[in-house]
Structures are given as C-alpha cells and as structure tokens.
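Notes to accompany the following structure.
Owing to the predicted nature of the structure, the values given are computational and were not obtained by experimental measurement.
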There are 2 protein chains.
Amino acid sequence: MTIDRNPSLTEQVMAHLKDRIRRGGFPEGRIPPETELAADLGVSRTTVRDALSRLEHEGVVVRRQGSGTYVNRPVLQVKSRLEEIWSYEQMLLDHGYTPSVRVLTVEPGTATDDDAEALEIAPGAELLVIEKLFIEDDRPAVLTRNRIPACLVDGTPSATQGRAPIYEFLEDRCGRRLAYYLSDIVPVALEGRVAEALDAPPGTPALCFEETGYDTAGSPIVKASSWFRDDLVRFRLMRRKSGG
Amino acid sequence: MTIDRNPSLTEQVMAHLKDRIRRGGFPEGRIPPETELAADLGVSRTTVRDALSRLEHEGVVVRRQGSGTYVNRPVLQVKSRLEEIWSYEQMLLDHGYTPSVRVLTVEPGTATDDDAEALEIAPGAELLVIEKLFIEDDRPAVLTRNRIPACLVDGTPSATQGRAPIYEFLEDRCGRRLAYYLSDIVPVALEGRVAEALDAPPGTPALCFEETGYDTAGSPIVKASSWFRDDLVRFRLMRRKSGG
DNA sequence: CAGTGGTCTAGACCACTTT
DNA sequence: AAGTGGTCTAGACCACTGA
C-alpha cells in the first residue's frame, strides 16, 4: 500500500471523520476512542489528536475529558463560518445559492485620510477601485468596494480581470498573497447608491464590513467595504470561552 | 527549581511569549526559532509548537515555513475577539471602560414558538426572563435579554442573583455548564423600549445578537438577545483562509 | 545548502468521568 | 478500577525560504 502524504495524514483523518459524520456513521453521536481510531487508521495517536483538535476548533466535535468525543449536532446549522469567509461567491454557494458576479466599476481613485492610514500610504495617493455586486437569482445580495494602492498594481486591469475573487487578483496582478483581514462589523441603514445597487428601500438596516487585508508579511494591501442584504445573507457564529 | 504544571507548560509558554511581545522584547518582530525557545525554556519543541500554534490562532504571531515566526503587529488593534466574548462586562473592560450592571427584570415568561424551537421545549412553556443593562459612565452600551426554561431553574431567584454573568447563574442555579453559543448577527434599527433603554433615538442602526447557548452535552439551555450601541461597542474580527 | 517551520511517531504519565 | 481525553517528551524526517 502506498502512503500518500499530500494532503497530510492529519487532513486525511479530518476528511475521513467528517465524511463518516455526514453519513451518520457514528450512532449515538459518539466517536471511538483516540487509541482505537489510531489503530484502525494506522496512524499515531498524536495524528488522530491533531485532527480531532482541529475538528473541535471548527465546532464539528466536542471532547469531554474522561468521557469521550462526540459529534456536535447544533453546529451542523452553521452554513459558513464568519472567521473563514474568503470569497463571497463561495459564501453564497455555501448558503445554497447559485450566485453570479457583476463588475460595476474598475477605475482609478484617490485615497481619503482613512484609506491612507489603513493602507499606510500618503493621503491623496492613487488607488485602484473595484466595485462588484454578487447576485442570487436576480436579487442583489452583496456589494463590495475594494481599494488597492495603485503602486501595487501591475498595469491597468480590464473589467474582466476585476471579476476574479480579490485574493486572486492581488496574487496575479500585484504579486502579493492575501493572508488575512481585520474586519469591523458595522450596522448601517442603507442609503443612496448602495441602497440602489442592493435594490433595497433607503433606511433598510444592514451589515457592513469595513476591513483591511494584509499580506503574509503583515503589510496592508487592500481596504474593502462590503454591504449585505440581511434577508439574503445571515451571519452565524460559534462563540466559546477559549481556544483549544 | 520546582516545575508547576498548572497552568500547563504550554499555557506558561504562551503567557511568557505574550508578555515578552507586549514589552517589545522581540526587536524586528522576529521570534526565535522553535528549537532555541525550547532549549531556553527547558521544554520540548512540541510544547513550544503547541504554544505557538495557539498564539497563531489568536492572531498574535504569524509563522512562515522556512522563514521564521513573527509578531503580528496589526492584530494588536483587536481589543476583544468576537468568537471569545463570554461576558459583556469583561468585553467592556477590554474596551477600556469601567462598566456597571443594572438588572432590569428577573421575571417569569412564556416561550414563543421561536423560543420553544431553539430551546427544544414546548411552545408556551414557562421561562425565566432576565434583562440586564451594561452601562459605561452613564451611557448604556449593551442590553441583554436571557430566557431560560423554568424547569432548569432551582427555586425563584432574586434580582441580586440575576446580576451575575449568565454562565455563572446557569452553573450555580441550574447546575449546567455553558459550553458555547451559536449566534446570529442581525442588523436592526433600534425601536421602542430597546431604544429607550439604550438611550438612543428610534431608528438608530445597531447590531443585535440572537443566540442560543448550549451546555457541554450539546443541549440548549438559554436563548439570548443582545443589542449594542455601535458608538460605544465596535466588533472587530480577524478573518483568514483556514484553521491552522 | 544551512536553517526554519511542518508532519509524524511511540511511548509515558496525569486528570477526569463513569461504572 | 477501568477507560477516556490532556499533557509532555525525544527524536526523525520533510518542505520551504533565503543567502
């Protein structure tokens, strides 16, 4: 038998367990002891524990010392994990939608003081502004507005190139890998062109993400604002005492 | 030298590193190699790695394979991590406030259909309803409304007992340990008695958490709604591609 | 190619839950 | 008392980065 190490053993164990959980392969919701899993799968207990830790962190299972490891039924309600949203297209797919993307604008702009501070550039510096609308079945669900320092962008992109997910754009056209976002969650009342684009009456309560994206070196490379139609996109989150 | 194992070695290493980061003990933001840390601290590399993994998950450090481990400066802006909020009093303390708590009501109520579904009880069943207001310097910041199935509650609590954090109340008066919440993040316009209690003009955009709390066995034990004054409490979050 | 983090092993002992 | 997850060790080898 060949041992394939990519994906890693830990990831293979995770996938195996997730699959078995999905198929209802653990009656009573009880997962076998770690030592048993290790023996069955032919890996060390450490590897099994690593996989279970990560599944616990995702909320898929719960571990109780001295008792056992159990499937966490309530968490199956969570469609997409807020901390792991990476592409709004993917998020809508997770919600069971079949979204389409419309690029509204790909055009130059100038940095406001806020932009400049977040992106660590000079106020008034040139930006590339990309606005996109994510549409589910004729109903606009998400509007995003990305601002990228012009000095990072290689050439002048076309609308077609703006269609790609922003992390892909940053990688292909700017040579930077997006590592993470810091996001403020802001409640707003939709107004003006945002309300119009989202086809919602002015004054509709909505969530807005105000966020800055950083590359692997910890430098800011993109500032984004996103507005969500609450009736189409609902964020759900697991909160817990501390990290395991 | 005595080796104290509580808190665990891993937690001690985490605390040590966090402290050193806070004091600016890593010029250039570069953290020493894992093997070096292990030797210096007299623990195994596994323990160091465990600590670093957890710090990375909290966003405190970034690891780059083949390169090194680095302090993650931007994340120092995050005051309280959304996924780990456990007590609103503590959250306000993290924001730099000195909050006080006012218990508005501790009284019986009956379950709506929504309550009943979330709490897995019969519609119309008896509840204990606790409303609390968290106040920062005369300005109300958070209003919470907790609903607990009456059958779980031991006796009829006084307002004084309602003052404790809800997880403490559940542990002391119901004998259940709160393990985690599933929370919906809902944008609203403040109206009626909620607006009044929060001393905000009707129509003010605000965030509302609609959440269900579960015990260690995965059974729902409390349903909570919380409203926040956006000008006093701002939620910030780190979003990232996947769990490490 | 030297140095770093990433993965994995086998085994020891501890703390807690359950019977 | 038996069984479970929790912590920790020492050591091996791999994958990637950067000079």
>> In this structure, is the centre-to-centre distance between the rings of A/Phe235 and A/Phe228 below 6.0 Å?
In response: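 So the answer is yes for these two rings.
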[X] [atom1] to [N] [atom2], straight-line distance once rounded to whole Å:
X	N	atom1	atom2	result
B/Leu55	C/dG5	CG	P	14 Å
A/Ile31	D/dG5	CD1	P	10 Å
B/Gln65	D/dA15	CD	P	9 Å
A/Glu34	D/dT4	CD	P	10 Å
A/Leu9	D/dA12	CG	P	20 Å

> Excluding sequence neighbours, so at least two apart, what forms side chain to side chain contact (heavy atoms under 4.5 Å, CB included) with A/Glu126?
Replying inline: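 Once residues adjacent in sequence are excluded, the partners of A/Glu126 under the side chain to side chain contact (heavy atoms under 4.5 Å, CB included) criterion are A/Ala150.
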>> Measuring from the side chain of A/Arg30 (C-beta onward, heavy atoms only), which nucleotide among D/dT4, C/dT9, D/dC8 has the closest atom?
In response: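 Comparing D/dT4, C/dT9, D/dC8 against the side chain of A/Arg30, the answer is D/dT4.
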> Between D/dA15, C/dT17, C/dT9, which one does the side chain of A/Ser67 approach most closely?
Replying inline: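 Out of D/dA15, C/dT17, C/dT9, the nucleotide with an atom closest to A/Ser67's side chain is C/dT17.
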>> A side-chain contact here means heavy atoms from C-beta on lying under 4.5 Å apart; do B/Arg236 and B/Leu82 qualify?
In response: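 No, side chains not in contact.
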>> When you compare the side chain of A/Phe209 with that of B/Arg239, does any pair of heavy atoms fall below 4.5 Å?
In response: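 Yes, at least one pair of side-chain atoms sits under 4.5 Å.
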> Under a 4.0 Å N-O cut-off, is there an ion pair linking A/Glu34 with A/Arg63?
Replying inline: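 Yes, charged N to carboxylate O under 4.0 Å.
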> Is A/Arg240 paired with B/Glu84 through a side-chain N to carboxylate O contact shorter than 4.0 Å?
Replying inline: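 A/Arg240 and B/Glu84: not salt-bridged.
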> Tell me, which of residues 36-52 of chain B have any heavy atom that sits under 4.0 Å from an atom in DNA chain D?
Replying inline: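 B/Val43, B/Ser44, B/Arg45, B/Thr46, B/Thr47 - these, ordered by number, are the residues of the stretch whose heavy atoms sit under 4.0 Å from the strand.
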>> Base, sugar-phosphate or nothing for B/Thr69? Non-hydrogen atoms, less than 4.0 Å.
In response: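 Result for B/Thr69 = sugar-phosphate.
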> Base, sugar-phosphate, or nothing: which does A/Thr10 touch, judged by heavy atoms less than 4.0 Å apart?
Replying inline: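 A/Thr10: backbone/sugar contact only, no base atoms under 4.0 Å.
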